[in-house]
Amino acid sequence: MKQYDHKKIEKKWQKFWEKEKLWQAKDKDKKPKFYGLIEFPYPSGEGLHVGHIRSNTAMDIICRKRWMEGFNVLYPIGWDAFGLPTENYAIKTGIHPIKVTKQNTDTFRRQLKELGFSFDWSREINTTDPKYYKWTQWIFLQLYKHGLAYKKKMPINWCPKDKIGLANEEVVDGCCERCGTPVEKREKEQWMLAITKYADRLDKDLDLVDFLEKIKIQQRNWIGKSEGAEIEFGIKNQESKIKVFTTRADTLFGATYLVLAPEHKLLMNNELGIRNYGEVKKYIETAQNKTEIERTAEGKEKTGVKLDGVTAINPANNEEIPIFVADYVLPDYGTGAIMAVPAHDERDFAFAKKYNLLIKEVITGGNVSETAYIGEGKLLNSGKFDGMESKEAAKAITEFVGGKITTKFKLRDWIFSRQHYWGEPIPVVFCEKCGVVTVPEKDLPVKLPMVEKYQPTDTGESPLAAITKWVNVKCPKCGGPAKRETDTMPNWAGSSWYYLRYIDPKNSKEFADRKKLDYWTPVDWYNGGMEHTTLHLLYSRFWHKFLFDLGLVPTSEPYKKRTSHGLILAEGGVKMSKSKGNVINPDDLVKRFGADALRIYEMFMGPFDQAIAWNTDGLVGTRRFLEKVWRIGQKPTTENRQLITLLHQTIKKVTEDIETMRFNTAISALMILTNEMDKLEKVAKEDFEILLRLLAPFAPHITEELWHELGHRDSIHLAIWPKHDVDKIQASSVKIVIQVNGKTRGTLEIGRNLTQTEIEKQAADLPEIAKWLVGKSVKKIIFVPTRLLNFVVA
RNA sequence: GCCGUGGUGGCGGAAUUGGUAUACGCGCUGCGUUCAGGACGCAGUUCCAGCAAUGGAUUGAGAGUUCAAAUCUCUCCCACGGCACCA
């Protein structure tokens, strides 16, 4: 008997598929299109992670099924290769990031090919390729031209030990991700992208797409839309006013003081004539010098300083109220100032208690002498609004004081500058005469200069700043002396539009041809990690909407459907990491068990969307399963089809489970069918072929081999996906559960068409049932056809 | 604190219009094959009592609805992920 030699078989068919160009998508086709996408990997030095395999296999199964269902499928792959680890490695070793990236992508490519994914390799892209980032820079220029990219002085995260500016995502718990030193704040000019201009649409348009509900919720929370009112408070004997934002205008009569954020512009030059300005100024300085940790470490203990000699007027009742500066008010949310309603807000309550401020109840329902009541209710102490309900009162009071209904968002503009070498140069120059001048589109890409050293400078500037030859240029406008922007883009730039480049990866005139975009967009199904929900996924939706507004892409949303996989953890449920030495190397597993067994294990190990711990022992089981399939393939065949019912049940189950990503139960169903076939002496060829076709997306190599052994000359992956027959799913006889008082006491195998009375009689005659009925009177009989019969006795 | 996800055998998990809880797989036990080994085959395997037939218990805890609850309702506990003074 022939052995299942996975090494030979897998290599053989991988070559075959490549030669036949089986997975090349056609840009024009009569077939319906399907665009399946996985997040393109960052080619790290560690090589492919088993987590990549989980996500890639899932989408591979879906795409292979689509091919078999007659779709023209696009399942592309590429490299998101800009990033810190590569740069750090280059700093350490002196090897140029281009070289490192080449090595790493070569490894990744080899590993992915060995797993037999149906990627269209002819469309491979790399974000660090100047031909690619030319278009990343081009999109940036469009953003700039439309006022969505701007420069602003911003406090950045500064690591005093590494002497480097850090991106927000490189700061973990207020410390430098690399060395653990607490991060400080430094003022620096930064490029920003005005994602907030799209906040409302990014929120609203979630209604248009088929994303997992938890993804939508997380994005909505991140965008943080909240509806409220802006209300102006006058200042006694002064012209200026203080504008506050509130979602609870109904509590305006309970506003007993105002609070300004330390950064509030009215505090800058003491234009209000604050008597204790020295003290206030000192408070502002301390607040601004606090690090992230200091702010959070202080927790809920609130501090603040009262502005002496200045009072505000509550527009609802014209009462004079004090004004404070306190850092519990955030400068960049709302108006940077709040009306404090201690009776009905926990933070204001805590502050009022500490500084002995008036707590005035204006909403019924709580006990405000003890704690703030934040719920809604009827108004009191609110003049003519007394007795009104919160919702209604909020509107009425806003109108009464001339306030404005507005919407605010938590979302902030996107800090787009990085002071690193290994990123896309921002295509802008600074001219002494003309100021900011964009690099003309014909001069793109602005290539990264080849350098020897990638170390960041002491000043927190990008390493590019030290390369004077590259920095000093002629102004494209006036020809005078100018300097290049030395900041680079964050690694989220290249990934914000890569799915568009796959559609036309070699186009040198446009980022992609419009006709091809019309055909392929949107992405039909995008699977990726939850960790990208509020970064990559949101950023790319933003860029796409911008391109849509320019008329450059045909759809307002890039992704029709988004799902996500659970993380794979190391044995014991901890994170896999190089430092813990618990990383699983897929190469060893492919060698030992084969790519097919590994793919199936990763799909079978647990529910796809949940985190799960790795267990190499589990691979033994999936390998045995494939051995069993192999054995059936070596059996003699017969015309006698004995497994019709189970077969059709399996077709239905597998077909449906793939669509809902319940791969674990799909495989379980395939195992059950396989076990039954294994028990038979001879298996009908037709039945076995159905098993092979159902299994093909999961285990593409072994099924291809067995398919060809059966005499087929074309690939199994282009065979037609089986369809179940509804009539054949129902078995002729059925097992019914017999219960007495809800407890199962026996079962009865009966024909489908037996009436209830007949079943009742047969059931009551069963000895194991009869003994429970002796001496009892049957009060009621519950009958569920084809399922159960329950005698209720007393 | 808020939002989300989850809690079922020794382990990963299955079962949700309420209807045989523990499918499938791992592990374990026994037997077989083999010089031997197991990444081999077959059988058994939720727990407790019993030689067995059988009986009882059981889905994080507690209560409720129902002929019937892992599934529905209420109260609570725990784990994981995200956000976090957002007015």
Side-chain angles (χ1 to χ4, degrees), chain A residues 212-218 220-222 224-226 228 244-248 251 255 259 261 295-296 298-302 326-330 332-341 344-348 350-351 374 408-412 530-531 533-534 566-567 569 571 573 592-594 597 600-601 604-607 609-625 627-628 631 662 664-672 674-675 678 735-747 768 771 779-793:
Chain A
L212 285 184
E213 205 47 41
K214 62 176 174 181
I215 295 173
K216 288 190 184 183
I217 290 169
Q218 208 169 304
R220 284 217 162 93
N221 288 345
W222 184 261
K225 183 174 180 172
S226 78
V244 304
F245 173 71
T246 179
T247 53
R248 292 297 300 273
T251 64
V259 189
R295 279 227 180 181
T296 41
E298 283 168 18
K300 304 281 179 262
E301 182 62 29
K302 293 178 179 32
D327 67 359
Y328 82 90
V329 174
L330 304 173
D332 46 6
Y333 181 78
T335 60
I338 61 152
M339 64 178 213
V341 185
H344 305 291
D345 181 281
E346 280 169 12
R347 294 150 303 183
D348 299 341
F351 192 81
I374 56 170
K408 299 281 179 197
F409 298 90
K410 285 190 207 171
L411 188 69
R412 293 295 122 81
M530 275 311 280
E531 70 276 19
T533 302
T534 53
L567 287 180
L569 306 165
E571 297 196 40
R592 215 171 125 202
F593 298 98
I600 290 189
Y601 169 65
F604 182 62
M605 63 195 297
D609 60 342
Q610 275 169 42
I612 193 151
W614 185 265
N615 178 14
T616 300
D617 289 343
L619 265 155
V620 174
T622 54
R623 171 70 193 202
R624 278 184 196 146
F625 164 55
E627 296 270 6
K628 212 174 270 183
R631 243 184 0 245
R662 288 188 297 201
N664 53 334
T665 50
I667 291 167
S668 157
L670 289 167
M671 285 172 166
I672 291 168
T674 302
N675 288 343
D678 189 43
K735 209 186 209 175
I736 281 202
V737 172
I738 314 297
Q739 299 185 331
V740 179
N741 280 349
K743 278 205 194 293
T744 302
R745 298 299 180 184
T747 59
E768 65 265 36
K771 74 175 183 189
K779 283 170 65 184
K780 199 171 167 188
I781 295 176
I782 310 283
F783 178 63
V784 183
T786 78
R787 288 223 167 235
L788 150 149
L789 189 74
N790 185 11
F791 293 97
V792 184
V793 299

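Convention: sequence-line order gives letters A, B, ...; per-chain numbering from 1.
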Fill in: Electrostatic pair A/R623:A/E627 at N-O distance under 4.0 angstrom
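A/E627 and A/R623: salt-bridged.
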Kindly say if [X] contacts the phosphate of [N], meaning a side-chain N or O under 4.0 Å from OP1 or OP2.
X	N	result
A/K214	B/U5	no
A/R631	B/G41	yes
A/R220	B/G82	no
A/S226	B/A87	yes
A/N675	B/G25	yes
A/K771	B/G55	yes

Taking the [atom1] atom in each of [N] and [M], what is the distance between them to the nearest angstrom?
N	M	atom1	value
B/C51	B/U34	P	37 Å
B/U73	B/G7	P	15 Å
B/U29	B/U17	P	39 Å
B/U20	B/U59	P	16 Å
B/A57	B/A21	P	12 Å

Worksheet item: Can you tell me if CZ on A/R220 sees more than 12 non-hydrogen neighbours from other groups inside 6.0 Å?
Response: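 Yes.
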Atom-to-atom span, [atom1] of [X] to [atom2] of [N] - whole angstrom:
X	N	atom1	atom2	value
A/I215	B/U5	CD1	P	12 Å
A/I612	B/C80	CD1	P	17 Å
A/K735	B/G19	NZ	P	17 Å
A/K779	B/A68	NZ	P	11 Å
A/R787	B/C67	CZ	C1'	17 Å
A/Q218	B/A84	CD	C1'	13 Å
A/K410	B/C3	NZ	C1'	9 Å
A/M671	B/A23	CE	C1'	12 Å

Item to complete: May I ask you to test the A/L619-A/W614 pair for a side-chain heavy-atom distance under 4.5 Å?
Response: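 In short, these two side chains touch, coming nearer than 4.5 Å.
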Options [options], nucleotide nearest the side-chain atoms of [X]:
X	options	result
A/Q610	B/G55, B/G6, B/U20	B/G6
A/T246	B/A87, B/C24, B/U54	B/A87
A/Y333	B/A87, B/A23, B/C3	B/A87
A/P607	B/A14, B/U20, B/G19	B/A14
A/Q739	B/U20, B/G41, B/C24	B/U20
A/R624	B/C24, B/A39, B/A14	B/A39
A/V792	B/A14, B/C67, B/C42	B/C67
A/D678	B/C42, B/A14, B/A23	B/C42
A/D345	B/G27, B/A87, B/A57	B/A87
A/N664	B/G27, B/A15, B/G13	B/G13

Discussion item. Between B/C85 and A/K302, counting only base atoms on the nucleotide and side-chain atoms on the residue, is there a donor-acceptor pair under 3.5 Å?
Written reply: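 Checked by distance alone, the answer is yes.
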Worksheet entry | Base B/C67 paired with A/N790 side chain (donor-acceptor, <3.5 Å) |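 Under the 3.5 Å cut-off, the side chain and the base do form a donor-acceptor pair.
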Discussion item. Both A/F245 and A/K628 contact RNA chain B. Taking the nearest nucleotide for each, which residue is further toward the 5' end?
Written reply: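 It is A/K628 whose nearest nucleotide is closer to the 5' end.
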Fill in: Pair partner, B/U54 [Watson-Crick or wobble, under 3.5 Å]
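Here B/U54 is engaged in a pair, and the nucleotide opposite it is B/A49.
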Practice prompt. Searching all strands shown, indicate the nucleotide that pairs with B/G10 (Watson-Crick or G-U wobble; both distances under 3.5 Å).
Written response: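 Pairing partner: B/C26.
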Item to complete: Using a heavy-atom cut-off of under 4.0 Å over every strand shown, decide if A/R745 touches base, sugar-phosphate, or nothing.
Response: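 Sugar-phosphate, no base atom in range.
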Worksheet item: Should the pair A/F245 and A/Y333 be assigned to parallel (<30°), tilted (30 to 60°) or perpendicular (>60°) ring geometry?
Response: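 Perpendicular: the ring planes of A/F245 and A/Y333 meet at over 60°.
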Worksheet entry | Rounded distance [0.5 Å steps], OH in A/Y601 versus CG in A/D617 |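 Going from OH on A/Y601 over to CG on A/D617, the span is 8.5 Å.
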Item to complete: Over all heavy atoms of both residues, which pair between A/T744 and A/Q739 is shortest? Give the atoms and the distance, please.
Response: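 Where A/T744 meets A/Q739 most closely, the heavy atoms are OG1-NE2, 3.5 Å.
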